[in-house]
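The structure appears below as structure tokens.
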Amino acid sequence: MPRIPVVDQPTCIGCEMCAQICPEVFRMVDAPGAGHDHKSQVYNPEGASEEKIEEAMDNCPVSCIYWEEK
Ligand code: SF4
């Protein structure tokens, strides 16, 4: 895969949508003091198909998941 998903954590509002849609790639991590209790983290960037990752991106309410070239 030529590109990997990245979460802009300062923008993430911790809604958990991406981790529910694509738990093979995204998980929630504690983010004390960051304005929200937890935020999304990409822990396995190649754990799912690009289509499934795109679905998570499309459903992020603040559009803070993007592709980065490897
Ligand atoms: S869908 Fe977007 S705002 Fe929600 S947890 Fe994932 S990265 Fe954060």
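For ligands, and for the atoms within them, numbers begin at 1 and follow the listed sequence.
- To the nearest 0.5 Å, the span separating CD on Glu54 from CD on Glu50 amounts to 6.5 Å.
- Shortest contact from atom 2 (Fe) of ligand 1 to any protein heavy atom: Cys60 SG, 2.3 Å.
- Here the protein heavy atom with the shortest distance to atom 4 (Fe) of ligand 1 is Cys15 SG, 2.3 Å.
- Close approach to Met17 involves these atoms of ligand 1, each under 4.0 Å from a residue heavy atom: 1 (S).
- For the residue pair Ile53 and Pro5, the shortest heavy atom distance occurs at CG2-CB, 3.7 Å.
- Below 4.0 Å from some heavy atom of Cys64 lie the following atoms of ligand 1, by number and element: 2 (Fe), 7 (S).
- Scanning all protein heavy atoms for the shortest distance to atom 6 (Fe) of ligand 1 gives Cys18 SG, 2.3 Å.
- Taking CE of Met28 as the start and CD of Gln41 as the end, the distance is 10.0 Å to the nearest 0.5 Å.
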Residue pair Tyr43, Val29: steps toward the side-chain contact (heavy atoms from CB on, under 4.5 Å) verdict: CA-CA 10 Å; Tyr43 74 99; Val29 293; over 6 Å; no

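- Protein heavy atom in closest approach to atom 5 (S) of ligand 1: Glu16 N, 3.3 Å.
- Side-chain atoms of Asp8 never come within 3.5 Å of backbone atoms of Cys64 as a donor-acceptor pair (strictly under, hydrogens ignored).
- Proximity to Ile65 (heavy-atom distance under 4.0 Å) selects the following atoms of ligand 1: 7 (S).
- Coordination check, Cys12 versus atom 6 (Fe) of ligand 1: failed, since every N/O/S atom of the residue sits at 2.8 Å or beyond.
- In this structure, Gln9 and Lys39 approach most closely via the heavy-atom pair O-NZ, 2.8 Å.
- Between Pro45 and Val25, the closest heavy-atom pair is CA-CG1, 4.2 Å.
- The protein atom (non-hydrogen) at minimum distance from atom 3 (S) of ligand 1 is Ile13 N, 3.4 Å.
- Only side-chain heavy atoms of Val62 come within less than 4.0 Å of ligand 1; its backbone N, CA, C and O stay farther off.
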